[in-house]
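Sequence lines set the chain letters: A, B, ... in the order given, protein chains first and strands last, and positions in each chain run from 1.
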Protein chains: 2
Amino acid sequence: MVERQTGVALWRQIADRMRLAINNGDFDETGMMPPETVLAARFGVNRHTVRSAMATLADEGIVRAMQGVGTRIERRDRLSFPISRRTRFSQGLGNQAHDIEGRMLEADTDVAPAVVAQALGLGAGTPCVRIETVNSADKRPISRATHYFPAERFAEMAEAYERTRSITAAFRELDVSDYVRRSTEISAIHAEGDDMRHLKLSPGAIILVATAINTDLTGIPIQYSRTRFAADRVKLTVEPENDGIGDPG
Amino acid sequence: MVERQTGVALWRQIADRMRLAINNGDFDETGMMPPETVLAARFGVNRHTVRSAMATLADEGIVRAMQGVGTRIERRDRLSFPISRRTRFSQGLGNQAHDIEGRMLEADTDVAPAVVAQALGLGAGTPCVRIETVNSADKRPISRATHYFPAERFAEMAEAYERTRSITAAFRELDVSDYVRRSTEISAIHAEGDDMRHLKLSPGAIILVATAINTDLTGIPIQYSRTRFAADRVKLTVEPENDGIGDPG
DNA sequence: CCCAAATGTCTATTATTCTAGACAACCGTA
DNA sequence: TACGGTTGTCTAGAATAATAGACATTTGGG
C-alpha cells in the first residue's frame, strides 16, 4: 500500500507511484485515471491526500483534471536514451521527439577539478573549458550536463558550441572529425538545487547521473561529462557495439 | 540549503545529502561527521532534526555516534558494478568486496509475462522458469533480481542455481558454456514493497533498475532479467567492449 | 580533577500534513 | 430536465514533523 512515518509525505509517494504507473502504460485502455475516491481507497488514504498527489502531476503536465468528467492522462512517454561507443545526444533521441534542443547556460575556463584532470589524463592544475548545458526534447527539459574539455586543445569550444548547439558539430569545427566513448558510469541521486530548477523537478524526484569520458580516435581523452537526466522522463539503454565503425585501437 | 514543503521531510533530505557526501569522501581527513550543532546551523534547521537524520544513517550502519566524542563514519564505499557484453554478477564486483553471495528467494515455472516473452522471442503463453534472487556483498544486500529463462530449454535452472548459487555456473551445468549481453536498459524508481524490505532500504530511497537480455553465442535469447540495485550502494559502470571475445555474429 | 565539547533525553510549543465530512459545481446521458 | 458520477472547495480536528530550550551523560585533555 503506502508507507507511513518514513519522511516522505503520503501524497508524494502516491504521486511518484502514479507517475510511474502512467509511464508504464497502466491506464492505456481508457486514457483516464481512476476516480479520486477509488484511488483513495486503493492506497488507504483520504481523498484529499490523493488530490494533493494529482495536483503535482497536473502541475507537471502529466494529467489534467476535468470537473464533472474525470482526470485524463496527457503524457505517458519516457524517452529512451542510448548509451554506446558512439553516444550522441540529439542523434540518440532520434525520432522519439521532434524538437531536440541544447542550450548553453554558462561557460568558463579554469583549473580542472582533480577527478576531471585524472579522468582526462591531465596533470593537476591543467586548465579546462567548462560548459554547462540543458537539453530539451519537445520543450521539456530532459537533462542537464557539465562538460570539461582540455583548454589547450579546445580553447574555442564554448564559442563553437554556442554557434552549433551540438558537441559533435563543435568538435568537428575544432578538427575532431569523430570520437568514441571510453566509459560511462551511472548512478542515481535525489534532485536538488540548480538541477531541480533547470529540469523543472520537484524535490524528492530522481536524477540519473551519467559520468562519461570521450576520446578521439587515437584514444586520447578529449571530454569529461557529467549529465543529469530527469529519471521520470528518460531511461538509459546500454547498446551493444553494432555501429559499423572500425575499431580504432 | 534545504527545501521545505516538498513532501520530503527535512530529516530525510539531510540524511540523503549526508549519505551522498560520505560516499563522496567529503569528510575523509578526519573520518568524523561535523558536530550536530554545526550541521544544524549549516542546514538551517534545529539540532533535533539533524539528529533524526543521523539516526537513520546510524541505522544503516553508515555512521556511529559516540557520546562525548562525536559521530564517526563507518563506511563510505559505493560499489562499482560493470555492465558490458560479458556482465556477470560476482566476477563484476571482483575484489571490491570479500563476501559476495547470491541467495534464491523463490522460483517457479509459469507462462511468461508479455514483455518477457517478446524480449526472449517466444510466443505468448510460452512457459518460463522464474527465479527471484538477492545478492549481497560483505553481508549487505546490494541488489534484488527477477530472472526468466525459457522453460523448455532450461527446465532445471532453479535447481542448478540453487546448487551453484551462480547464473553462470548454472548455465554451464545446462550446457551453455558462455553467453553475452544483448541489451541493458537502466532506469530509476523509488524503493517500495518487497524490494525495500529485502534491500533494507527506507522508503524514498532510490533503486536503479537494470533490465537485461542475455543470449547464447549463437544469438538466441536465453535470459531476461530485471535487477534492482540499491542506488546508495552501487554505481553502474558501462564498459567498452574489450573482453577479447570474438564477435559471434 | 575539572572543563570543554560532544551526544543523549526530556518537555513544551508551533507548523505542517493527513483525515473527516459536507456540499457545491460541473458534465454526460437517460 | 433530472440524475449519477465526478472534481472543486470549505471547515474542523487529529496526527506527525519541526522548533526551542534545558539539562544529563560521556569522553578526552589540560
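- OP1 or OP2 of dT19(C) has at least one side-chain nitrogen or oxygen of Thr49(A) nearer than 4.0 Å.
- For Thr37(B) and dA5(C), the shortest distance from a side-chain N or O to OP1 or OP2 is not below 4.0 Å.
- Atom pair Arg72(B):CZ and dT7(C):P shows a separation of 13 Å (rounding to whole Å applied).
- For the residue pair Gln223(B) and Ser225(B), a side-chain donor N or O sits within less than 3.5 Å of a side-chain acceptor on the partner.
- One interatomic measurement links the two molecules: CE of Met32(A) to P of dG5(D), which rounds to 15 Å at whole-angstrom precision.
- In terms of phosphate contacts, Arg47(B) brings no side-chain nitrogen or oxygen within less than 4.0 Å of OP1 or OP2 of dA20(D).
- If you run side-chain contact (heavy atoms from CB on, under 4.5 Å) between Thr71(A) and each of Arg64(A), Met18(A), Met54(A), only Met54(A) comes through.
- Minimum atom distance to the side chain of Asn46(A) is reached by dT19(C), of the listed dT7(D), dT19(D), dT19(C).
- Taking only side-chain nitrogens and oxygens, Thr71(A) comes nearer than 4.0 Å to OP1 or OP2 of dT7(D).
- A donor-acceptor contact closer than 3.5 angstrom links the side chains of Arg228(A) and Thr146(A).
- The nearest whole Å value for the distance from the CG atom in Leu57(A) to the C1' atom in dT7(D) is 15 Å.
- With sequence neighbours left out, Tyr224(A) forms a ring pair (Phe, Tyr, Trp, His ring centres under 6.0 Å) with no residue at all.
- Between Gln13(A) atom CD and dT17(C) atom P there is a gap of 14 Å when expressed in whole angstrom units.
- Looking at Arg233(A), its side chain does come within 3.5 Å of a backbone N or O of Pro141(A) through a donor-acceptor pair.
- The listed nucleotides are dT7(C), dA17(D), dT19(C); the one nearest the side chain of Pro35(B) is dT7(C).
- Nearest heavy-atom pair, Leu208(A) versus Ala188(A), reported as atom, atom and distance to 0.1 Å: CD2-CB, 4.4 Å.
- One can place CZ of Arg64(B) at 16 Å from P of dT26(D), the figure rounded to the nearest angstrom.
- Taking side-chain N and O atoms only, Trp11(A) has a distance below 4.0 Å to OP1 or OP2 of dC18(C).
- Across the protein-nucleic acid pair, Met33(B) atom CE and dA6(C) atom P stand 14 Å apart, rounded to whole Å.
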Protein-nucleotides 25-30 of chain C N/O pairs closer than 3.5 Å?
unit_1	atom_1	unit_2	atom_2	d
dA25(C)	N3	Gln67(A)	OE1	2.9

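- Taking the side chain of Arg51(B) as heavy atoms from C-beta on, and the options dT19(D), dT7(C), dT7(D), the nearest nucleotide is dT7(C).
- Residue Ala9(B) places its side chain closer to dA18(D) than to any other of dA18(D), dT7(D), dC18(C).
- Spacing between atom CG of Leu10(A) and atom P of dT16(C) amounts to 18 Å, rounded to whole angstrom units.
- No donor-acceptor distance shorter than 3.5 angstrom exists from the side chain of Glu162(B) to the backbone of Met104(B), with no hydrogens or angles considered.
- With hydrogens and angles ignored, a donor-acceptor pair closer than 3.5 Å exists between the side chain of His48(A) and the base of dA20(C).
- The interatomic distance linking Glu36(B) (CD) with dA4(C) (P) rounds to 20 Å, in whole Å.
- Here Tyr148(A) pairs with nothing under the ring pair (Phe, Tyr, Trp, His ring centres under 6.0 Å) rule; sequence neighbours left out.
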